[in-house]
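Here's the structure we're looking at; comments come further down.
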Amino acid sequence: MPELPEVEVTRLGLVGPLQGARIEAAYLGKPLRWPLQCLPQSLVGRTILDVRRRGKYLLMDLSEGLLLWHLGMSGSLRLWPTRPDPGLHDHFDLMTTHGCLRLNDPRRFGAVVYAPAESSPQAQQLLGHLGLEPLQSAFQPQGFHQALRQRRTAIKQLLLAGDVVVGVGNIYACEALFLAGIRPTLSAQRISRPRAAALHAAIQQVLSRAIAIGGSSLRDFTGTEGQSGYFQLETKVYDREGQPCRECGTTIRRRVQGQRSTFYCPQCQRN
DNA sequence: AAAAGCCCCTGGATGC
DNA sequence: TGCATCCAGGGGCTTT
C-alpha cells in the first residue's frame with residue numbers, strides 16, 4: 001500500500017503531535033521484516049525531536065539515535081490517546097507522553113529499526129542506495145533524462161526500483177506514466193528529453209495531488225487518526241482493467257511486469 | 001554494473 | 001458452506 005504520498009500523509013499526522021514527546025515504553029508484537037536492533041526498554045526516556053521522511057521510510061529523530069519505520073505493503077500508523085488492547089495485527093507500540101503510536105501491519109512486511117545515527121551502517125544499509133526525492137529541488141528534468149539514458153530497463157520498473165527517484169510505487173508509477181503518455185514497457189534509454197520532462201512533471205503532479213487528498217486507501221491504509229484517503233477514486237488506469245479510458249474510451253489493459261500488475265491505456269500511451 | 005527473479009506474510013476475492 | 005487458487009500497494013537479496 002503505502003507509497004510516498006501515504007507515508008507523507010502519515011508523517012504530517014505525526015510530526016506535530018509527537019515532537020517533544022518522551023518515550024515511556026515500547027512493546028513488540030510478532031516479528032516484523034527486520035528486528036528492532038535494540039532492546040525496546042533502551043528507548044525509554046528518549047525524546048522524539050522530529051519526524052522526517054526519506055522515500056517510503058519515516059525517520060524519527062530521537063534525543064539519541066533514530067528509529068526508521070517502514071510500512072511495507074499493509075502497514076499503517078495510528079496515534080491513540082491511550083493504549084488500546086493490542087489486536088491480531090498490532091506489532092509495535094511506542095508509548096509516549098503524547099499518546100500511543102501503534103503499527104498495525106497484517107502482512108508484516110513493515111519494520112521498525114533503531115540506528116544510532118542516519119550515517120550509521122544500520123541506517124545506510126536501508127537508505128544508502130536511494131535515489132532523489134521527487135518533490136525536492138534536486139530532482140530536475142534534465143538530470144532525470146540523463147539518468148534514464150543510462151538504463152535499458154522498462155521505465156515502469158526503473159521507477160519502482162527507487163534508485164533514480166524514490167517513493168513511486170505501483171499505483172503512482174502507472175498513473176504518472178499515463179499522464180505522461182508513455183507506455184510502461186518502453187526502455188528508459190529510449191525516452192526523449194521532452195518526454196522525460198513530461199514524466200518528471202507527471203510524477204510530481206500525481207504525488208502532490210495524492211498527498212493533498214490523503215493518499216490512496218486501498219485495503220489497509222488509513223491516516224494517523226484512522227481517516228481514509230481518496231486518490232483511489234480518481235485513478236486513470238490503476239486497477240481499471242477492462243474499463244474505458246477516461247480520456248479516450250479505449251479499454252484499459254493489464255499486464256505483468258516484474259511480477260507486478262501494470263495498467264495502461266494502449267491508445268493514450270502508444271510508446 | 002545492471003537486470004531479472006525470488007521471497008518474506010496474511011487476508012480478501014473469486015471460482016468450483 | 002468449504003476449500004483451493006490467485007492476487008495485493010515493497011524491497012532486500014541472490015543469481016544471471
Side-chain angles (χ1 to χ4, degrees), chain A residues 1-10 29-35 37 53-58 68-77 87-92 103-113 115 121-131 147-177 184-190 203 206-207 210-211 214-223 228-235 237-242 254-263:
Chain A
M1 166 268 354
E3 305 181 33
L4 185 149
E6 292 75 33
V7 179
E8 181 64 12
V9 165
T10 299
K30 286 188 193 171
L32 293 163
R33 177 165 187 168
W34 302 299
Q37 305 285 7
R53 182 187 55 72
R54 178 73 177 101
K56 297 172 188 168
Y57 289 90
L58 278 178
L68 290 82
W69 304 69
H70 200 290
L71 301 180
M73 296 265 275
S74 58
S76 58
L77 280 169
L88 184 60
H89 301 305
D90 296 322
H91 303 305
F92 189 82
L103 175 66
N104 178 276
D105 186 2
R107 292 177 67 185
R108 292 194 282 130
F109 285 8
V112 188
V113 175
Q122 296 95 314
Q124 284 303 304
Q125 185 173 359
L126 301 177
L127 307 176
H129 62 94
L130 295 181
L148 297 190
R149 286 181 59 185
Q150 298 176 316
R151 301 279 289 272
R152 17 178 73 177
T153 192
I155 183 60
K156 162 90 178 321
Q157 291 178 255
L158 179 141
L159 293 177
L160 291 187
D163 50 356
V164 171
V165 59
V166 294
V168 184
N170 207 31
I171 297 175
Y172 300 110
C174 291
E175 295 299 309
L177 287 165
T185 47
L186 183 62
S187 174
Q189 65 182 175
R190 296 188 51 214
I203 290 168
V206 77
L207 295 178
I211 292 168
S216 301
S217 287
L218 292 136
R219 301 181 182 82
D220 309 296
F221 178 76
T222 63
S228 173
Y230 296 97
F231 189 84
Q232 72 281 1
L233 301 178
E234 49 186 76
T235 57
V237 288
Y238 181 78
D239 206 21
R240 297 196 65 242
E241 181 186 20
R254 181 181 92 96
R255 59 173 291 159
V256 174
Q257 263 182 302
Q259 296 115 234
R260 291 218 159 91
S261 288
T262 292
F263 299 89

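A note on names: the letters A, B, ... follow the listed sequences, proteins ahead of strands, and every chain is numbered from 1.
- Contact check for A/Cys174 versus A/Lys156: side-chain heavy atoms found under the 4.5 Å cut-off.
- Put simply, A/Phe109 rests on the base of B/dC8: the two rings are less than 5.5 Å apart at their centres and nearly parallel, under 30°.
- With contacts defined as side-chain heavy-atom distances shorter than 4.5 Å, the pair A/Glu3/A/Lys56 qualifies.
- To the nearest angstrom, C1' of B/dA1 lies 14 Å from CG of A/Leu158.
- In this structure, A/Asp163 atom CG and B/dA4 atom C1' are separated by 14 Å, rounded to whole Å.
- In this structure, the NE2 atom of A/His91 is 9 Å from the C1' atom of B/dC9, given to the nearest Å.
- As rounded to whole Å, 13 Å separates atom P of B/dT14 from atom CD of A/Glu241.
- When rounded to the nearest whole Å, the span between CZ of A/Arg149 and P of B/dA2 equals 15 Å.
- The one candidate from A/Thr153, A/Asn170, A/Val164, A/Val165 that meets the side chain to side chain contact (heavy atoms under 4.5 Å, CB included) condition with A/Leu159 is A/Val165.
- Taking 4.0 angstrom as the limit, A/Arg107 places none of its side-chain polar atoms (N or O) nearer than this to OP1 or OP2 of B/dC7.
- Contact annotation: A/Arg108 side-chain N/O to B/dT10 OP1/OP2 distance is under 4.0 Å.
- Side-chain N/O atoms of A/Ser74 include none lying less than 4.0 angstrom from OP1 or OP2 on B/dT10.
- A/Ser76 and A/Asn104 share no side-chain donor-acceptor pair at under 3.5 Å.
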Inset, instruction - List the steps, then state whether side chain to side chain contact (heavy atoms under 4.5 Å, CB included) holds for A/Arg254 with A/Thr262. - result: CA-CA 5 Å; A/Arg254 181 181 92 96; A/Thr262 292; over 6 Å; no

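- A/Glu8 places no side-chain N or O within donor-acceptor distance of the main-chain N or O of A/Ile211, the cut-off being under 3.5 Å.
- Each of B/dG11, C/dC7, B/dA4 was ranked by its minimum atom distance to the side chain of A/Gln157; first place goes to B/dA4.
- DNA chain B is contacted by both A/His89 and A/Gly258; A/Gly258 maps to the nucleotide lying nearer its 5′ end (nearest heavy atom per residue).
- Counting only Watson-Crick or G-U wobble pairs whose defining distances are both under 3.5 Å, the stems of 3 or more consecutive pairs in DNA chain C are B:2-8 with C:10-16, B:10-16 with C:2-8.
- With B/dA4, B/dG11, B/dA2 as the candidates, the nucleotide lying closest to the side chain of A/Pro106 is B/dG11.
- The neighbour count for A/Arg54 CZ, taken as heavy atoms of other residues, nucleotides or ligands under 6.0 Å away, is above 12.
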Legend entry - Nucleotide-resolved protein contact map, nucleotides 11-16 of chain C, B/S/- at heavy-atom distance under 4.0 Å: BSS---

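- When distances are taken from the side chain of A/Arg254 to each of B/dA3, C/dA8, B/dG11, the shortest belongs to C/dA8.
- Separating the CG atom of A/Asp105 from the P atom of C/dA8 is a distance of 18 Å, rounded to the nearest angstrom.
- In this structure, the side chain of A/Arg108 engages the main chain of A/Pro31 through a donor-acceptor pair within 3.5 Å.
- Using atom P as the reference point in both C/dC3 and B/dC9, the two lie 24 Å apart (nearest Å).
- Taking the charged nitrogens against the carboxylate oxygens, A/Lys30 and A/Asp90 have no contact shorter than 4.0 Å, which rules out a salt bridge.
- Proximity of the aromatic rings of A/Tyr172 and A/Tyr238 is defined here by a centroid distance below 6.0 angstrom, and this criterion is not met.
- For the pair A/Lys30 NZ and B/dC8 P, the computed distance is 16 Å after rounding to whole Å.
- For the pair A/Ile155 CD1 and B/dA2 P, the computed distance is 15 Å after rounding to whole Å.
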